[in-house]
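Model, not experiment: these values are computed from the prediction.
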Amino acid sequence: MSAQGHAWSRQVKKEDEEEDPLDQLISRSGCAASHYAVQECMAQHQDWRQCQPQVQAFRDCMSEQQARRREELQRRKEQSSTHR
């Protein structure tokens, strides 16, 4: 069994292309830089095991963003229930 790496590379968006919904989500999260770091590492090393620091940084960023989003939604829910 031969070990094959990934053939990942960051695509440059053309002017007439729509942005991928996943890319939009990541951009809005504030974690785009760490996401691109994972992509760059994968393109360079083609082995996810060598990119674990970048993967962990992206995971941490997304977890923090999700926690902030949950808190915001909870605040909105509480505000709307007190206005009734």
Side-chain angles (χ1 to χ4, degrees):
M1 178 188 266
S2 66
Q4 292 222 337
H6 296 281
W8 292 13
S9 64
R10 200 161 122 197
Q11 303 263 333
V12 176
K13 188 178 113 176
K14 295 178 184 171
E15 297 250 348
D16 58 344
E17 287 183 18
E18 289 187 31
E19 189 172 14
D20 179 55
L22 182 59
D23 288 338
Q24 291 176 348
L25 176 70
I26 292 169
S27 292
R28 286 192 309 264
S29 73
C31 299
S34 56
H35 179 254
Y36 294 140
V38 171
Q39 288 184 321
E40 292 293 328
C41 183
M42 287 299 299
Q44 180 181 3
H45 297 288
Q46 298 185 359
D47 183 355
W48 64 271
R49 295 169 293 187
Q50 295 184 29
C51 299
Q52 288 308 293
Q54 292 87 344
V55 170
Q56 187 62 48
F58 179 59
R59 182 181 295 139
D60 292 345
C61 182
M62 289 300 290
S63 292
E64 290 169 12
Q65 189 276 335
Q66 288 171 345
R68 287 191 304 267
R69 178 77 176 137
R70 274 192 300 274
E71 290 171 4
E72 177 63 27
L73 291 174
Q74 184 63 33
R75 270 195 299 273
R76 288 181 185 183
K77 183 179 175 183
E78 289 170 359
Q79 287 176 350
S80 68
S81 66
T82 60
H83 290 277
R84 290 181 182 187

Legend entry - CZ-OG distance between Arg59 and Ser34, expressed to the nearest 0.5 angstrom: 11.5 Å
Inset, instruction - To the nearest 0.5 Å, tell me how far Gln65 CD sits from Leu25 CG. - result: 7.0 Å
Legend entry - Pair Arg68 + Glu72: basic N to acidic O under 4.0 Å: no
Inset, instruction - Identify the two heavy atoms, one from Ser29 and one from Met62, that lie closest to each other, and give their separation to 0.1 Å. - result: OG-SD, 3.5 Å
Inset, instruction - Can you measure from CD (Glu64) to CD (Gln66) and round to the nearest 0.5 angstrom? - result: 10.5 Å
Legend entry - Distance, nearest 0.5 Å, that separates CD of Gln39 from CD of Gln54: 12.0 Å
Inset, instruction - Walk me through it: do Arg75 and Glu78 pass the test salt bridge (charged side-chain N to carboxylate O under 4.0 Å, His left out)? - result: CA-CA 5 Å; Arg75 270 195 299 273; Glu78 289 170 359; over 6 Å; no
Inset, instruction - Say whether Trp48 and Leu22 are linked into one hydrophobic cluster, either directly or through other cluster members, by side-chain heavy-atom distances under 4.5 angstrom. - result: yes
Legend entry - Gln74 CD to Arg69 CZ distance, which is reported to the nearest 0.5 Å: 12.5 Å
Legend entry - Value rounded to 0.5 Å, distance of NE2 in His45 from SG in Cys41: 4.0 Å
Legend entry - Beyond-backbone contact of Tyr36 with Ile26, side-chain heavy atoms, under 4.5 angstrom: no
